[in-house]
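Worth knowing before you read on, the calculation uses all heavy atoms, side chains too, and leaves out hydrogens, waters and symmetry mates. For clarity, every value in this text was computed on a predicted model and none was experimentally measured.
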Amino acid sequence: MTDSRVSVWSRLWSNPAVTHGLVALFGMGSWISVNSLWVELPVIVNELPEGWNLPAYLSVLIAFGNLGPIVVTITHHCAPGRLNERMVIPCIQALAVVASVFLAIFWSHTVNIAGESRSLPFLLLTFVLSFVCCTSNVTFLPFMFRYPPQYIRTFFIGQGFSALFPCIVALGQGVGELECKTVNGTVHPEYLKENFPAQNFFWFLFVMLSVSAVSFWALTQRPSESKKEEQESNCAAPKSDEETHRLYKGGTPVSDELVQVEELPPPTFWNPRNIYLLSLLAISNALTNGVLPSVQSFTCLPYSLMTFHLSVVFGNIANPLACFLAMFVVLRSPAGLGVLSVAAGVFASYLLALAAYSPCPPLQGSNAGVALVIISWIFFIGLFSYLKVVIGTLLHEAGHAGLLWCGISIQAGSLFGALTMFPLVNVYQVFTRAQECVDNSGQQQGLGHCS
């Protein structure tokens, strides 16, 4: 009976579905910290002394977090083969878990600096979490080279969860909900009390980071190969080039000894096709992680607060759904990828135009305007998410260096987009904020203010 139970457990443990689940939870931990901080901003800006300047601080700290990818890239260049992702990943995961604990405890503590109150603990811990998130793109992705291409797609589904889960919890928390109340004939916005405090939200972040770390540990404990698997692989029918890569067999990861980290991409890596793919990847991440998120409130709030919430929720749902679609349909044509990026760019252009017209965008106050902005966010995020997964799958075929440069392109594009938008939004104030509780028709639930 005991041997039978062990056999059943062994079969369940080696099931590919278990591997997919662990990979998704592992990928979820890559950017959940930064996504959670952005989602929780409407709550903490009312508590910390920096107030509404806090988003600017957060953008700068995330930019400094790119020191991690720079260190990893230099290490790969100067000491090829010395950096083992399997050793680095647990270290940065442990750092993130510890930082989340301190964040939950000390996030609201302030320190007097030069006679002014500053939320120094929160800012320092934000930098640590940003450092971990940025470094994950150049360590998690190369680690996934040990797995077949379909697991890369599952990894990106997990990254979609890193945005979806905090958003769902924040909606349950009641972030940003307001009522328009009339006092002495004047309408004033009054933000409602959250269902639970920011401290509980940060404990949720700790749980999610812990789950991701445990999932990675479970992945490393799974047997990489067995004699039975080798026999099955030898007897299996010939497969496509994508499924018969020299560094893996079947659906299981190869052993670490077989993974040879390349000091630099071989000359054949820098061909026009790969340069084209990396360029598309950098541009798409500049738009999805830097440019459009910086102006999302300007595109949605002039219509209504509900429009903003629905755009965030459905956009974050579109991300993992698009990644899931890539599990079954992989567009390999460079021309097709170009058409896909242009289509996503059309929706991005429309959203940027709405932000430029804020607080008086077209079709304000109409259901058609609300529908268009929500649909645009869904297709913008969905198309670029699919594009990112497909490019990651194609670069997997280029070897370990392909996934390393995949992560570098994601970070470089995100950094460029954020740094481009920061002065436009926070310094030169190119975009105009909508006023709460006032709209063009004089109704009290709108957020626009047009004459």
Side-chain angles (χ1 to χ4, degrees), residues 16-32 35 136-137 140-165 215 239-245 248 251 253 273-274 276-289 314-345 347-348 377-399 402-407 409-410 413-414:
V18 175
T19 306
H20 280 288
L22 292 175
V23 168
L25 292 175
F26 166 56
M28 176 194 66
S30 59
W31 275 92
I32 195 168
N35 290 332
S136 69
N137 272 339
F140 287 20
L141 275 172
F143 171 80
M144 290 305 301
F145 181 58
R146 293 162 170 79
Y147 295 84
Q150 60 264 31
Y151 289 98
I152 291 291
R153 302 161 207 163
T154 304
F155 175 84
F156 282 115
I157 292 177
Q159 279 198 335
F161 290 156
S162 72
L164 177 62
F165 290 164
S215 299
K239 301 179 181 179
S240 64
D241 292 340
E242 179 185 10
E243 304 299 331
T244 56
H245 196 281
Y248 61 82
R273 171 183 174 272
N274 288 341
Y276 172 70
L277 293 177
L278 291 175
S279 300
L280 285 182
L281 191 63
I283 294 172
S284 64
N285 280 275
L287 292 172
T288 57
N289 296 339
F314 287 123
N316 285 330
I317 291 175
N319 188 333
L321 285 180
C323 298
F324 184 74
L325 175 64
M327 295 283 293
F328 307 98
V329 181
V330 178
L331 182 63
R332 307 180 68 89
S333 167
L337 294 177
V339 171
L340 197 68
S341 63
V342 170
F347 290 104
W377 273 106
I378 292 173
F379 279 95
F380 162 69
I381 295 178
L383 290 175
F384 273 134
S385 297
Y386 177 83
L387 184 73
K388 179 170 64 175
V389 177
V390 170
I391 292 177
T393 301
L394 298 179
L395 290 175
H396 180 283
E397 301 170 3
L403 290 181
L404 174 63
W405 282 102
C406 176
S409 296
I410 291 173
S414 302

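- Phe161 CZ to Ile317 CD1: the interatomic distance, rounded to the nearest 0.5 Å, is 11.0 Å.
- Residues Val389 and Tyr386 are not in side-chain contact: their nearest non-hydrogen atoms beyond the backbone lie 4.5 Å or more apart.
- To the nearest 0.5 Å, the span separating CD1 on Ile32 from OG on Ser136 amounts to 11.5 Å.
- Between Ile157 and Met28, every side-chain heavy-atom pair lies at or beyond the 4.5 Å cut-off.
- Looking at Gln159 and Asn319, their side chains never come closer than 4.5 Å, going by heavy atoms from C-beta outward.
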Go through Asn316 and Phe165 one step at a time and tell me if the side-chain contact (heavy atoms from CB on, under 4.5 Å) criterion holds.
CA-CA 9 Å; Asn316 285 330; Phe165 290 164; over 6 Å; no
side-chain contact (heavy atoms from CB on, under 4.5 Å) between Ile381 and Thr288, intermediate numbers included
CA-CA 7 Å; Ile381 295 178; Thr288 57; 5.7 Å; no
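- Using a 4.5 Å heavy-atom cutoff, the side chains of Leu141 and Ile410 are in contact.
- The shortest side-chain heavy-atom distance between Leu340 and Phe384 does not fall under the 4.5 Å cut-off.
- Between Phe328 and Phe324, the ring-plane angle classifies as perpendicular under the 30° and 60° cut-offs.
- Within the 4.5 Å cutoff, the side chain of Phe140 has heavy atoms near those of the Phe26 side chain.
- Rounding to the nearest 0.5 Å places CG of Asn285 at 5.0 Å from NZ of Lys388.
- Here the shortest heavy-atom pairing between Asn274 and Ala398 reads ND2-CB, 4.3 Å.
- Between the side chain of Tyr276 and the backbone N or O of Gly338, at least one donor-acceptor pair lies under 3.5 Å.
- The main-chain N or O of Ser162 is found under 3.5 Å from a side-chain atom of Asn35 such that the two form a donor-acceptor pair.
- Remark: Ser409 OG to Leu395 CG distance equals 7.5 Å, nearest 0.5 Å.
- Each of Phe143, Trp405, Phe145 was evaluated against His396; a single residue qualifies, Phe145, per the ring pair (Phe, Tyr, Trp, His ring centres under 6.0 Å) test.
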Report the C-alpha distance between Val330 and Arg153 in whole Å, list the side-chain angles of each, state the deciding distance to 0.1 Å, and finish with yes or no for side-chain contact (heavy atoms from CB on, under 4.5 Å).
CA-CA 10 Å; Val330 178; Arg153 302 161 207 163; 3.7 Å; yes
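- Atom CZ of Phe347 is surrounded by more than 12 heavy atoms from other residues, nucleotides or ligands within 6.0 Å.
- Here Met144 contributes atom CE and Thr154 contributes atom OG1; the two are 7.5 Å apart, rounded to the nearest 0.5 Å.
- For Phe155 and Tyr151, the distance between ring centers is not under 6.0 angstrom.
- Of all heavy-atom pairs between Leu25 and Ser215, the closest is CB-OG, 3.2 Å.
- Leu281 is listed as a side-chain neighbour of Cys406, based on a closest heavy-atom distance under 4.5 Å.
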Between Trp31 and Asn137, is the side-chain contact (heavy atoms from CB on, under 4.5 Å) condition met? List the steps.
CA-CA 9 Å; Trp31 275 92; Asn137 272 339; 3.2 Å; yes
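- Here the OG-CG distance, from Ser385 to Leu325, works out to 11.0 Å after rounding to the nearest 0.5 Å.
- Residues Leu403 and Ile152 form a side-chain contact, since some pair of their non-hydrogen atoms from C-beta on lies under 4.5 Å apart.
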